[in-house]
Amino acid sequence: MINTDFTIRSFKGGYDENFQYILTCMQSRAQVAIDAALPLKTVRPFINGAFVAMLITHTHGDHIAFIDEYLEEFPELLIIIHEASSGRISAVNVHPALDGEQIQIGQLTIDVLHTPGHYPDSTCFKMENVIFTGDTLFVGRTGRTISKGSDTGELYRSVYNKLLTLPQDTIVYPGHDYGKTPTITIEKNIEISALLQAANEQDFIERMAAFEASRTQPL
């Protein structure tokens, strides 16, 4: 196993406290964006290597809102998106990602995890001890299942079978700033979130229903 050096720069803004990330391989200087939630001008000063790809966690509008700006300046940019939704993005290079696939960016190996539930094409991207979870998993809770295409049972299986089984020191980088901290380990997230302490799928569904009933905000 090759040990690699990388940096993650976080940006916040967009429609609803969205996070967008720029991941840089320090050996090759290859750079990757996770989602296109913020205008290019916000992150452009920090694109100073070989900007080669954009990883899309899912195709809800707030996560791809500014993708055309990036493609206008970087028309050869590789767009990595779940296979089910690759046709929704008009770009020269679109890679339809598969669950379990490994993607090589410079010296970095990124694992693709298809995690439907919040949305059918929801995808997480794991690299070493970090994972970019989009709207599947936030600090303190999971994503919601109120939009068209959502499914609470699928979300349970994605979160409990694919994410919570990862090494407990894996650091979650979510798609929105909804928690008390920007990032969190899986172990700590389980400790603080009732939605991550369900005994089984039915228990999770009931906890999600109670969570939704307690909400006063529309989003």
Side-chain angles (χ1 to χ4, degrees), residues 6-24 32-39 42-43 46 55-58 60-66 111 113 115-119 122-147 150 152 154-199 201 203-219:
F6 60 87
T7 62
I8 300 170
R9 185 174 287 273
S10 303
F11 304 86
K12 187 172 73 171
Y15 176 67
D16 181 30
E17 301 293 314
N18 286 74
F19 278 133
Q20 181 173 323
Y21 304 98
I22 296 291
L23 170 65
T24 302
V32 179
I34 292 86
D35 285 340
L38 278 72
T42 302
V43 306
F46 305 95
L55 311 180
I56 303 296
T57 62
H58 65 300
H60 270 158
D62 57 323
H63 291 262
I64 58 173
F66 297 97
D111 295 306
L113 289 77
T115 54
H118 172 72
Y119 205 55
S122 289
T123 303
C124 298
F125 299 96
K126 183 180 183 300
M127 178 197 59
E128 298 187 16
N129 70 325
V130 303
I131 186 165
F132 301 98
T133 56
D135 286 4
T136 298
L137 184 63
F138 300 123
V139 173
R141 67 176 175 90
T142 68
R144 301 179 71 188
T145 53
I146 61 170
S147 61
S150 296
T152 306
E154 278 197 329
L155 181 64
Y156 170 81
R157 292 185 289 275
S158 292
V159 170
Y160 277 76
N161 297 343
K162 289 189 173 182
L163 301 185
L164 301 190
T165 58
L166 293 171
Q168 295 294 284
D169 62 350
T170 301
I171 303 171
V172 173
Y173 284 78
H176 292 267
D177 187 16
Y178 288 161
K180 293 183 177 181
T181 58
T183 64
I184 195 169
T185 64
I186 288 177
E187 180 179 33
K188 184 64 176 178
N189 216 9
I190 294 171
E191 289 179 7
I192 68 170
S193 173
L195 289 176
L196 303 180
Q197 299 171 12
E201 183 174 331
D203 185 23
F204 177 75
I205 291 172
E206 292 172 1
R207 289 175 186 236
M208 282 290 286
F211 167 72
E212 292 295 347
S214 70
R215 290 180 64 87
T216 57
Q217 299 176 358
L219 296 174

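Please read these numbers as outputs of a predicted model, since none were measured by experiment.
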Is there a side-chain contact (heavy atoms from CB on, under 4.5 Å) between Arg9 and Val43? Walk through the geometry before answering. CA-CA 9 Å; Arg9 185 174 287 273; Val43 306; over 6 Å; no

Stepwise, does the side-chain contact (heavy atoms from CB on, under 4.5 Å) test hold for Phe66 with Gln20? CA-CA 11 Å; Phe66 297 97; Gln20 181 173 323; over 6 Å; no

Criterion side-chain contact (heavy atoms from CB on, under 4.5 Å) on Ile22 and Phe11, from CA distance to verdict: CA-CA 8 Å; Ile22 296 291; Phe11 304 86; 3.5 Å; yes

Run the side-chain contact (heavy atoms from CB on, under 4.5 Å) test on His63 and Asn18 for me, step by step, so that the C-alpha distance in whole Å, both residues' side-chain angles and the decisive distance to 0.1 Å come before the verdict. CA-CA 8 Å; His63 291 262; Asn18 286 74; 3.7 Å; yes

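At a threshold of 4.5 Å between non-hydrogen side-chain atoms, the residues Leu155 and Met208 count as touching. Put simply, the side chain of Leu196 reaches to within 4.5 Å of the side chain of Leu137, judged on heavy atoms. Phe125 places none of its side-chain heavy atoms less than 4.5 Å from the side chain of Val32. Looking at heavy atoms from C-beta onward, Val159 lies in side-chain contact with Thr136 at the 4.5 angstrom threshold. The shortest distance between side-chain heavy atoms of Ile171 and Asn129 falls below 4.5 Å. At least one side-chain heavy atom of Lys126 sits less than 4.5 Å from a side-chain heavy atom of Leu113. Residues Tyr156 and Ile205 fail the side-chain proximity criterion, which asks for heavy atoms closer than 4.5 Å. Contact of the Val139 side chain with the Pro174 side chain is registered, since non-hydrogen atoms from C-beta on lie closer than 4.5 Å.
Not a single donor-acceptor pair under 3.5 Å links the side chain of Thr185 to the backbone N or O of Asp169. Although no hydrogens or angles enter the test, the distance criterion places no donor-acceptor pair under 3.5 Å between the side chain of Asp35 and the main chain of Gly134. Looking only at distances, no side-chain donor or acceptor of Glu154 sits under 3.5 Å from a matching main-chain atom of Pro116. Checking side-chain atoms of Arg207 against main-chain N and O of Ala194 turns up a donor-acceptor pair under 3.5 Å.
With rounding to the nearest 0.5 angstrom, the CG atom of Asp177 is 10.0 Å from the CG atom of Asp16. Separating the CZ atom in Arg157 from the OG1 atom in Thr115 is a distance of 13.0 Å, to the nearest 0.5 Å. Here the CG atom belonging to Leu163 is positioned 10.0 Å from the CG atom belonging to Asn189, to the nearest 0.5 angstrom. Here the straight-line distance linking atom CE of Met127 with atom OG1 of Thr170 works out to 11.5 Å at 0.5 Å rounding.
When every heavy atom of Ser193 is checked against every heavy atom of Gly140, the shortest pair comes out as OG-O, 2.8 Å. Closest heavy-atom contact between Lys162 and Leu166: O-CG, 3.4 Å. The two residues Thr145 and Gly117 come nearest to each other via the heavy atoms CG2-O, 3.6 Å. The two residues Gln197 and Tyr160 have their closest heavy-atom pair at N-OH, 3.1 Å.
There is a side-chain donor-acceptor pair under 3.5 Å between Ser147 and Ser150.
When Leu23, Ile34, Thr183, Ile131 are each tested for a side-chain contact (heavy atoms from CB on, under 4.5 Å) with Tyr173, only one passes: Thr183.
Using cut-offs of 30° and 60° for the angle between ring planes, the Phe132 and Tyr21 rings count as tilted. Ring orientation note: the planes of Tyr178 and His176 are close to parallel, at an angle under 30° on the 30°/60° scale.
The existence of a salt bridge linking Lys188 and Glu191 is confirmed by a sub-4.0 Å separation between a basic side-chain nitrogen and an acidic carboxylate oxygen.
For Glu17, the side chain to side chain donor-acceptor pair (under 3.5 Å) partners two or more places apart in sequence, or in a different chain, are Lys12.
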